Amino acid sequence: MTTMTETSARFREFKMPDVGEGLTEAEILKWFVQPGDTVTDGQVVCEVETAKAAVELPIPFDGVVHELRFPEGTTVDVGQVIIAIDVAPGSGDAPAPAAAAPAQEPVEEPEAEAEPKGRTPVLVGYGVAESSTKRRPRKGATAAPEAAAVAAAVQAELNGHTAPAAAPASPPASAPAVPAQAGAPDGGRPLAKPPVRKLAKDLGIDLATVVPTGKDGIITREDVHAAAAPAATTPVAAPAPAQAAPEAPAAAVASDSARETRIPVKGVRKAIAQAMVGSAFTAPHVTEFVTVDVTRTMKLVAELKEDKDMAGVRVNPLLIIAKALLVAIKRNPEVNAAWDEANQEIVQKHYVNLGIAAATPRGLIVPNIKDAHDKTLPQLAAALGELVATARDGKTSPAAMAGGTVTITNVGVFGVDTGTPILNPGESAILAVGAIKLQPWVHKGKVKPRQVTTLALSFDHRLVDGELGSKVLADVAAILEQPKRLITWA
């Protein structure tokens, strides 16, 4: 798809591209440029979130930013123009930007006041329901009664990005003024940890207006709650004392909006929901369980941590479990397959792209290690470490999540014994790993404390029958019980 157009010899437009596998829309998370900024070919101008990942978009030509067509937080269809560039600055007077409001001030959208009565503005980018619109409502104290009611509603987004700081409007005498020290130091991005940024987004708070009380000017959760309290309370003639601000939400208990939170389903979360429903009601799932003594595996993990050949890589039980699953697939290759509904065929895969389910601030994603079956233990450890680090940073690309064949989900990190995992769409099996706990176990005829875990394998019964699934699960369990089988069976 062409992602840029020429409106004249001077101005060129850049369209929202298809950033992966036929996706139809993406949300603009953050603009890195503003009108008047000079850009060069290949410079990243914005970050967008698709149904699969957050992606940075580079501009394909040089020039000066003339216009940003959409503010941060807007969901844009693929093919829509998102930015206009003046490629010949200084050659004449430029026409005024077409956008009604500057992209750097999305919270001050005047369109929120122009909605017909009975329709209340909510989060940007998700259409209009009976009482919703695509525009973000004002958060200032000068907003109309409808906007004030919306200020009491909880707004949620699945990311921690915030718009560039904008100069706050002067509040009337009936509202407390924003302290002069609010916002980021030196006009930069406000300092806050990702969970705090998400909380601010959930509460509809612009971090640039929050007074930081944390060390080195970092905004804390308490700061965000304090900033949200005035907005959640109906304005009165005189401002409440500053020390009473944290208790302000109690006055709004009678409001329905204060008793529930509505989170728009979008981005990664929307994709997860659609994929899981499609998988659960398309592939007939079967789940089998086995409890296994992994004491020897835990001893191996401890020894590998001291091995010089494993220096620089992270060694943990998941590494051995991943290798055990790869060996089990090698012994039972029929399990590594996919169901082709259109052609009514079973597609046997002669490679293993091993998916690792990862919980991120944007939701659950499943990047995979390409050709994991060919990797040595140190190579597999390095690939696992890189995969997890990239996922935590929110930089996993769509390509990294495509083409998986089998997946591991480690629910044990949450202290859970096991579960019945749902297949990643297009894959044949998924292995859930439970918590490893010290338990009484019969070992060599005596009851002894041993490290024990429970494994659960879900598989697509259209192409994996009970015998094959049982063999795979039994092989993984046998390797974890006697890890020397990684050598004898490999």
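In this text the structure is predicted, and so the values were computed from the model without any measurement.
- Without hydrogens or angle criteria, His285 side chain to Leu423 main chain gives a donor-acceptor distance under 3.5 Å.
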Applying side-chain contact (heavy atoms from CB on, under 4.5 Å), run through Val65 and Val45 and close with a yes or a no.
CA-CA 10 Å; Val65 178; Val45 295; 5.8 Å; no
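- In this structure, the separation between CD1 on Ile422 and OG1 on Thr287 is 9.0 Å, given to the nearest 0.5 Å.
- For Gln439, there are no side chain to side chain donor-acceptor pair (under 3.5 Å) partners two or more places apart in sequence or in a different chain.
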Can I get a per-line list of side-chain donor-acceptor pairs under 3.5 Å for residues 406-418, giving both atom names and the distance, sequence neighbours left out?
unit_1 : atom_1 : unit_2 : atom_2 : d
Thr407 : OG1    : Glu427 : OE1    : 2.6
Thr407 : OG1    : Glu427 : OE2    : 3.4
Asn410 : OD1    : Gly412 : N      : 3.2
Asp417 : OD1    : Lys437 : NZ     : 2.9

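- Taking Glu56 as the reference, Lys395 meet the salt bridge (charged side-chain N to carboxylate O under 4.0 Å, His left out) condition, with sequence neighbours excluded.
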Would you be so kind as to tabulate the donor-acceptor pairs closer than 3.5 Å made by side chains of residues 309-324, with sequence neighbours excluded?
unit_1 : atom_1 : unit_2 : atom_2 : d
Asn316 : OD1    : Leu318 : N      : 3.2
Asn316 : OD1    : Leu319 : N      : 3.1
Lys323 : NZ     : Lys375 : O      : 3.0

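- Remark: the backbone N or O of Gln43 is not paired with any side-chain donor or acceptor of Thr40 at under 3.5 angstrom.
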Would you give me the side-chain donor-acceptor pairs under 3.5 Å for residues 344-359, sequence neighbours excluded?
unit_1 : atom_1 : unit_2 : atom_2 : d
Gln344 : NE2    : Glu341 : O      : 2.9
Gln344 : NE2    : Glu341 : OE2    : 3.1
Gln348 : NE2    : Pro333 : O      : 2.3
Gln348 : NE2    : Asn336 : O      : 3.2
Asn353 : OD1    : Asp371 : N      : 2.9
Asn353 : ND2    : Gly403 : O      : 2.9

With a 3.5 Å cut-off and sequence neighbours excluded, list the donor-acceptor pairs that the side chains of residues 289-296 form with protein atoms.
unit_1 : atom_1 : unit_2 : atom_2 : d
Thr291 : OG1    : Thr454 : OG1    : 3.1
Asp293 : OD1    : Thr295 : N      : 3.0
Asp293 : OD1    : Thr295 : OG1    : 2.6
Asp293 : OD2    : Arg450 : NE     : 2.8
Asp293 : OD2    : Arg450 : NH2    : 3.2
Thr295 : OG1    : Arg450 : NE     : 3.3
Thr295 : OG1    : Gln451 : N      : 2.9

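- Every residue was checked against the side chain to side chain donor-acceptor pair (under 3.5 Å) condition with Thr453, not counting sequence neighbours, and none meets it.
- Contacts of Glu306 classified as salt bridge (charged side-chain N to carboxylate O under 4.0 Å, His left out), with partners at least two apart in sequence or in another chain: none.
- Every salt bridge (charged side-chain N to carboxylate O under 4.0 Å, His left out) that Lys471 has, sequence neighbours left out, goes to Glu467.
- Remark: the backbone N or O of Met16 is not paired with any side-chain donor or acceptor of Gln80 at under 3.5 angstrom.
- One distance of note links CZ of Phe32 with CD of Glu47; it measures 5.0 Å at 0.5 Å rounding.
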Tabulate below the donor-acceptor pairs under 3.5 Å that side-chain atoms of residues 379-392 make, not counting sequence neighbours, or state none.
unit_1 : atom_1 : unit_2 : atom_2 : d
Gln379 : OE1    : Thr376 : N      : 2.9
Gln379 : OE1    : Thr376 : OG1    : 3.4
Thr390 : OG1    : Glu386 : O      : 2.8

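- Between the side chain of Asn332 and the main chain of Val335, no donor-acceptor pair closer than 3.5 Å is present.
- In this structure, His461 contributes its side chain and Val464 its backbone to a donor-acceptor pair below 3.5 Å.
- Under the salt bridge (charged side-chain N to carboxylate O under 4.0 Å, His left out) criterion, Arg331 pairs with Asp475, sequence neighbours left out.
- Note that CD1 of Ile82 and CZ of Arg69 are 10.5 Å apart. Values are rounded to the nearest 0.5 Å.
- For the side chain to side chain contact (heavy atoms under 4.5 Å, CB included) test, residues two or more places apart in sequence or in another chain that qualify with Val447 are Pro440, Val442.
- Separating the CG atom in Leu480 from the CZ atom in Arg485 is a distance of 10.5 Å, to the nearest 0.5 Å.
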